[in-house]
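Hydrogens, waters and symmetry mates play no part in the numbers below; they use all other heavy atoms, side chains included.
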Amino acid sequence: MALSDADVQKQIKHMMAFIEQEANEKAEEIDAKAEEEFNLEKGRLVQNQRLKIMEYYERKEKQVELQKKIQSSNMLNQARLKALKVREDYVRDVLDEARRRLGQITKDEDSYREVLRKLIVQGLLQLLENNVLLRIREKDQSIVEGVLSTVIEDYKKTSGKEVNIKIDSDTFLSAETCGGIDLLAQKGKIKINNTLEARLELIASQLIPEIRIALFGRNPNRKFND
């Protein structure tokens, strides 16, 4: 039995509605899947960016902390250096005061004569030369001339050797020198500085650790004293 035109049109409309419904459902399914994938990708990108930002600020925090530590260490070192400089300046002031007081030794002529005698004998025993030139302050010339015979006798008694001593009358120690003598041998090739300043420097170099302890106390961070 043949379908009428109306029935054909009805069937076509029904098929078209079915196809359209299927297409809409498929489109909705595609949209839902695309939305899901979009959300997943967006979440992944957001998480990656969040991690990158967190890592960036963690690095920044570490850099800031490191910079603070470096700055703190530098400031601490500067403070330590300043404290050490103040201490060294104070020790130097003590030594300068000792130098100023050295000049008082020469005011007592008897004591200074004995000091010169011992300094000359000590220098001779270090040189052990037959001919020695003494370089002295010009104002000490008479004192030195007065002790030379005793000096030669003491040297001979101690070393068993003879010595010829001459005072340098052409070149004298500076008038600024506190006192003492220089001993020269072998035409000036060998020299012993036995001025009072030189003796003070020698003693000071040995006693500076003890001077520091006396002035500032023992360093608690120092394990050894030598």
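- With no hydrogens or angles considered, no side-chain donor-acceptor pair links Gln71 and Gln67 at under 3.5 Å.
- The NZ atom of Lys33 lies 12.5 Å from the CG atom of Asp31; values are rounded to the nearest 0.5 Å.
- Cluster membership for Leu173 and Leu119, using ILVMFWY side-chain heavy atoms within less than 4.5 angstrom, is not shared.
- Using a 4.5 Å heavy-atom threshold, the side chains of Glu129 and Gln186 count as touching.
- Residues Lys191 and Asp182 form a side-chain contact, since some pair of their non-hydrogen atoms from C-beta on lies under 4.5 Å apart.
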Give the intermediate values and the outcome of salt bridge (charged side-chain N to carboxylate O under 4.0 Å, His left out) for residues Arg113 and Glu109. CA-CA 6 Å; Arg113 182 184 294 108; Glu109 188 171 314; 3.0 Å; yes

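- Shortest non-hydrogen contact noted between Cys178 and Thr106 is O-CG2, 3.2 Å.
- A continuous path of ILVMFWY side-chain contacts below 4.5 Å connects Val147 to Leu125, so both sit in one hydrophobic cluster.
- Side-chain heavy atoms closer than 4.5 Å link hydrophobic residues (I, L, V, M, F, W, Y) into clusters, and following such links, possibly through other members, connects Leu124 to Ile192.
- Residues Lys62 and Arg59 are not in side-chain contact: their nearest non-hydrogen atoms beyond the backbone lie 4.5 Å or more apart.
- Atom CD of Glu201 and atom CG of Asn193 lie 10.0 Å apart (nearest 0.5 Å).
- Between Glu153 and Thr150 the shortest side-chain heavy-atom distance does not fall below 4.5 Å.
- Checked by atom type and distance alone, the side chain of Thr158 never pairs as donor or acceptor with a backbone atom of Tyr155 at under 3.5 Å.
- Between Ile143 and Ile136, every side-chain heavy-atom pair lies at or beyond the 4.5 Å cut-off.
- Distance CD/Glu138 to OG1/Thr171: 11.0 Å, rounded to 0.5 Å.
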Mind running side chain to side chain contact (heavy atoms under 4.5 Å, CB included) on Leu45 and Glu41 for me, showing each step along the way? CA-CA 6 Å; Leu45 292 174; Glu41 183 64 16; 3.9 Å; yes

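- For the pair Arg137 (side chain) and Gly180 (backbone), a donor-acceptor distance under 3.5 Å is absent.
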Please test Gln141 against Val144 for side chain to side chain contact (heavy atoms under 4.5 Å, CB included), starting from the C-alpha separation and ending with a verdict. CA-CA 5 Å; Gln141 190 164 353; Val144 174; 6.0 Å; no

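- Minimum interatomic distance between Ile165 and Val151 (heavy atoms only, all atoms of both residues): CD1-CG1, 4.0 Å.
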Residue pair Asn130, Val163: steps toward the side chain to side chain contact (heavy atoms under 4.5 Å, CB included) verdict: CA-CA 5 Å; Asn130 295 328; Val163 63; 6.0 Å; no

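- Linking ILVMFWY residues whenever their side-chain heavy atoms come closer than 4.5 Å, directly or via other members, places Leu134 and Val121 in the same cluster.
- Thr177 places no side-chain N or O within donor-acceptor distance of the main-chain N or O of Gly179, the cut-off being under 3.5 Å.
- The hydrophobic cluster containing Leu128 also contains Ile181, counting ILVMFWY residues as joined when their side-chain heavy atoms lie under 4.5 angstrom apart, directly or transitively.
- Side chain to side chain, Gln122 and Asn194 meet the donor-acceptor criterion of an N or O pair below 3.5 Å.
- Gln47 and Arg44 share no donor-acceptor pair across their side chains, judged by distance under 3.5 Å alone.
- Counting heavy atoms from C-beta on, the side chains of Leu184 and Val132 never come closer than 4.5 Å.
- Here Lys42 contributes atom NZ and Gln49 contributes atom CD; the two are 14.0 Å apart, rounded to the nearest 0.5 Å.
- In this structure the side chain of Tyr112 reaches within 4.5 angstrom of the side chain of Asp140, judged on heavy atoms.
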Check step by step if salt bridge (charged side-chain N to carboxylate O under 4.0 Å, His left out) holds for Glu114 and Arg117. CA-CA 5 Å; Glu114 183 62 15; Arg117 184 188 68 80; 2.5 Å; yes

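- For the pair Gln21 and Asn24, the minimum side-chain heavy-atom distance is 4.5 Å or more.
- Put simply, CG on Leu81 and CD on Gln78 are 7.5 Å apart, with the number rounded to the nearest 0.5 Å.
- The structure places CD of Glu35 at 10.5 Å from CD of Glu37, a figure rounded to the nearest 0.5 Å.
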